[in-house]
Amino acid sequence: MVGEMPFLLPNSLMKTRDAATILAFGKLSILEACSLMEGSVERAEAPTERVAVFRTTGLDPGLLRSFAGAHKLAPVVVVLDSPSGDQGPLVDLMSLHLEEKSNFSLSAYGIGDDDYEELVKTMLDGLRSRGLRKVRLLRPKGNELLSERVLTRGALDVVAFPYHGGIALGPTVWVPDSASMRESGTHRPVPRPEIALSPRLARTLLNLSGLKPGQTVLDPFCGSGTILVEALKRSLRCLGLDSRAGRVLEARENLRWAIGGVTDRGFDIRKGDARELPRILRGTKVDAIVTEPLLLPSLTARPKTSTAEALIRESAEVYNDALASMADSIQPHGRIVVVVPVIETMDGDEVTLTLDGRRLGLRSYQPGPVGFEYPVRLSFESTRWVKRAVYVFEPPD
Ligand SMILES: C[S@@+](CC[C@H](N)C(=O)[O-])C[C@H]1O[C@@H](n2cnc3c(N)ncnc32)[C@H](O)[C@@H]1O
């Protein structure tokens, strides 16, 4: 992937100690990174909701490719005291990779417009003083060049964000292949955007499961099969369950499409109730469970807090019974990844469905070095009044 960058920035930059990541899902993406890079993350900081800075013992490009919750990766090259501070090392690095008439951009996260203008002016002055008079500054709306545009515009993109009382800057050295992720959601035979999560989020949840190719994942509320489509693409064996026969057919159709075949190779989707897994699976245990039940009626407006509480109470019953049934159907080291709803109310409250895994002998998953509070809230992927949060459970050691 690094080789596909329009401006191939040296691999050595990947060995940087402090790597800034532009996050797709806020805290949940930090959890995903700590899970993927367990052992090599020494510190993780979140200077703004969209950015995390990871101090690592070295980034593995292979792992990076599977980090679904990252929009961009940039080593921190300078930290300025003020927006007009000296960008010397960064501009030196940029001038090594820019030619006359090349595109470049400055993407700001959590930085005000005046500071942004000052940063741009200082950067342009620096590039001009190094003889680059005709480089083209792309000025994206909202002061952010989206990762896909970085590729399509062939831009050397620099990210900027508040950091330790100053402003950190670094060049984007890697962006993910978002097009294939999007296609997975829109090109499949039954897209069902009204119930389905995004393929990107499905990949994040699968990463949190810790599964390796060849292992078996179960989604007992599989709907149209978004999670299982992504699982099948990474060579996992897939089991799906849904209480509605129509959904079972839809999921099968989507999964056949994912493997480009007419046979049901590598997956088994059945009609059934998630609360009865031990009976349905006849005691077989799976390697991990990844699921998004979200059992609420569609809301046309923010409900009152009391209505939201009643809705959450109703679905909590199914969630809790299903969680007990999942705990009985998982291998000794398997993880259970479950999405729960958070309802925004007209009274300004948020009502969250909470799950107690301890009563079932489950622990909350805590990859080092950050302590995560569950359920971990997702930023940036919500339906209108219902947001998502995620639990990751694992059995005790
Ligand atoms: C939010 S949808 C899942 C969406 C899915 N992630 C997708 O990509 O389409 C929840 C699904 O759970 C199913 N469901 C509801 N109660 C169930 C139960 N007790 N057992 C199994 N499935 C159930 C519904 O039919 C629905 O398809």
Side-chain angles (χ1 to χ4, degrees), residues 25 28 68 181-206 208-209 217-233 236 238-258 267-281 286 288-299 311-329 336-343 353 355 375 378 381-391:
F25 304 124
L28 188 75
M181 266 192 254
R182 215 188 22 254
E183 277 169 19
S184 188
T186 52
H187 288 31
R188 62 188 194 187
V190 194
R192 283 254 174 262
E194 72 285 8
I195 59 161
L197 69 175
S198 69
R200 186 190 287 277
L201 178 55
R203 287 190 196 187
T204 290
L205 301 178
L206 287 162
L208 290 170
S209 76
V217 62
L218 164 69
D219 180 351
F221 294 87
C222 73
S224 61
T226 313
I227 292 170
L228 297 178
V229 163
E230 297 310 312
L232 205 56
K233 286 188 186 167
L236 294 167
C238 298
L239 281 177
L241 212 68
D242 201 287
S243 54
R244 291 173 60 181
R247 294 274 190 260
V248 170
L249 296 177
E250 291 175 7
R252 280 192 195 135
E253 206 177 328
N254 282 337
L255 283 153
R256 274 180 209 135
W257 168 83
F267 65 88
D268 178 359
I269 314 289
R270 300 181 207 168
K271 179 173 182 293
D273 192 317
R275 293 167 290 187
E276 297 173 9
L277 292 175
R279 183 184 63 73
I280 295 168
L281 301 177
V286 296
I289 296 174
V290 181
T291 195
E292 180 185 57
L294 294 190
L295 305 163
L296 301 171
S298 63
L299 301 171
L311 290 172
I312 290 285
R313 250 194 324 274
E314 262 168 49
S315 52
E317 223 173 276
V318 181
Y319 261 94
N320 280 310
D321 291 349
L323 186 63
S325 143
M326 294 184 219
D328 281 340
S329 306
I336 300 174
V337 182
V338 191
V339 180
V340 294
V342 180
I343 305 179
L353 192 149
L355 291 175
L378 243 93
E381 182 161 328
S382 49
T383 54
R384 267 166 67 202
W385 323 119
V386 182
K387 297 181 173 163
R388 293 175 158 102
V390 175
Y391 280 96

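What you see below is based on every heavy atom in this structure, not just the backbone, and it leaves out hydrogens, waters and symmetry mates. Whatever order the structure lists them in is the order used to number ligands and atoms, beginning at 1. Along the sequence shown, residues carry numbers from 1. The structure displayed is predicted, hence computed values, not measured ones.
Counting protein heavy atoms only, atom 6 (N) of ligand 1 is closest to Leu197 CD2, 3.5 Å. The nearest heavy-atom contact from the protein to atom 22 (N) of ligand 1 is Ser243 N, 3.1 Å. For atom 18 (C) of ligand 1, the nearest non-hydrogen atom of the protein is Phe221 CE2, 3.6 Å. Of the protein's non-hydrogen atoms, the one nearest atom 10 (C) of ligand 1 is Pro293 O, 3.2 Å. Of the protein's heavy atoms, Cys222 O, 3.4 Å lies nearest to atom 5 (C) of ligand 1. Given atom 24 (C) of ligand 1, the protein heavy atom at minimum distance is Asp242 OD1, 3.5 Å. Scanning the protein heavy atoms around atom 4 (C) of ligand 1, the nearest turns out to be Ile195 O, 3.5 Å. Protein heavy atom nearest atom 15 (C) of ligand 1, with residue, atom name and distance: Leu295 CD2, 3.5 Å.
The shortest side-chain heavy-atom distance between Leu201 and Leu28 falls under the 4.5 Å cut-off. Between Pro189 and Asn254, some side-chain heavy-atom pair lies under the 4.5 Å cut-off.
In the vicinity of Pro220, heavy-atom distances shorter than 4.0 Å reach the ligand 1 atoms 21 (C), 22 (N). Taking a cut-off of under 4.0 Å to the non-hydrogen atoms of Arg244, the atoms of ligand 1 that pass are 25 (O). Of all atoms in ligand 1, listed by their number and element, those nearer than 4.0 Å to a heavy atom of Ser224 are 7 (C), 8 (O), 9 (O). Heavy-atom contacts of Asp273 reach the following atoms of ligand 1: 18 (C), 19 (N), 20 (N) (cutoff under 4.0 Å). The atoms of ligand 1 that sit less than 4.0 Å from any heavy atom of Gly272 are 20 (N), 21 (C).
When all heavy atoms are compared, the tightest approach of Pro293 to Val338 is CD-CG1, 4.0 Å.
Using a 3.5 Å distance cut-off with no hydrogens or angles, the side chains of Thr291 and Asp219 do pair a donor with an acceptor.
A salt bridge is defined here as a Lys NZ or Arg NE, NH1 or NH2 lying under 4.0 Å from an Asp or Glu carboxylate O, and Glu194 with Arg192 meets this definition. Taking 4.0 Å as the cut-off between side-chain N and carboxylate O, Glu253 and Arg256 do not count as a salt-bridged pair.
Judged by the shortest distance from any of its heavy atoms, Glu292 lies inside the 4.0 Å radius around the atoms of ligand 1.
Between the side chain of Ser315 and the backbone N or O of Leu295 there is no donor-acceptor pair closer than 3.5 Å. Side-chain atoms of Asp242 come within 3.5 Å of backbone N or O of Gly223 as a donor-acceptor pair. Looking only at distances, a side-chain donor or acceptor of Ser325 sits under 3.5 Å from a matching main-chain atom of Ala274.
When non-hydrogen atoms are compared, ligand 1 lies under 4.0 Å from neither the backbone nor the side chain of Ala202.
By the salt bridge (charged side-chain N to carboxylate O under 4.0 Å, His left out) test, Arg313 pairs with no residue at all, sequence neighbours left out. Not a single ring-ring contact (aromatic ring centres under 6.0 Å, His included) links Phe221 to another residue, sequence neighbours left out.
For Thr226, a nitrogen or oxygen atom sits less than 3.5 Å from a nitrogen or oxygen atom of ligand 1, counting backbone and side chain alike. Close N/O approach between Arg247 and ligand 1 is found [any backbone or side-chain N/O within under 3.5 Å].
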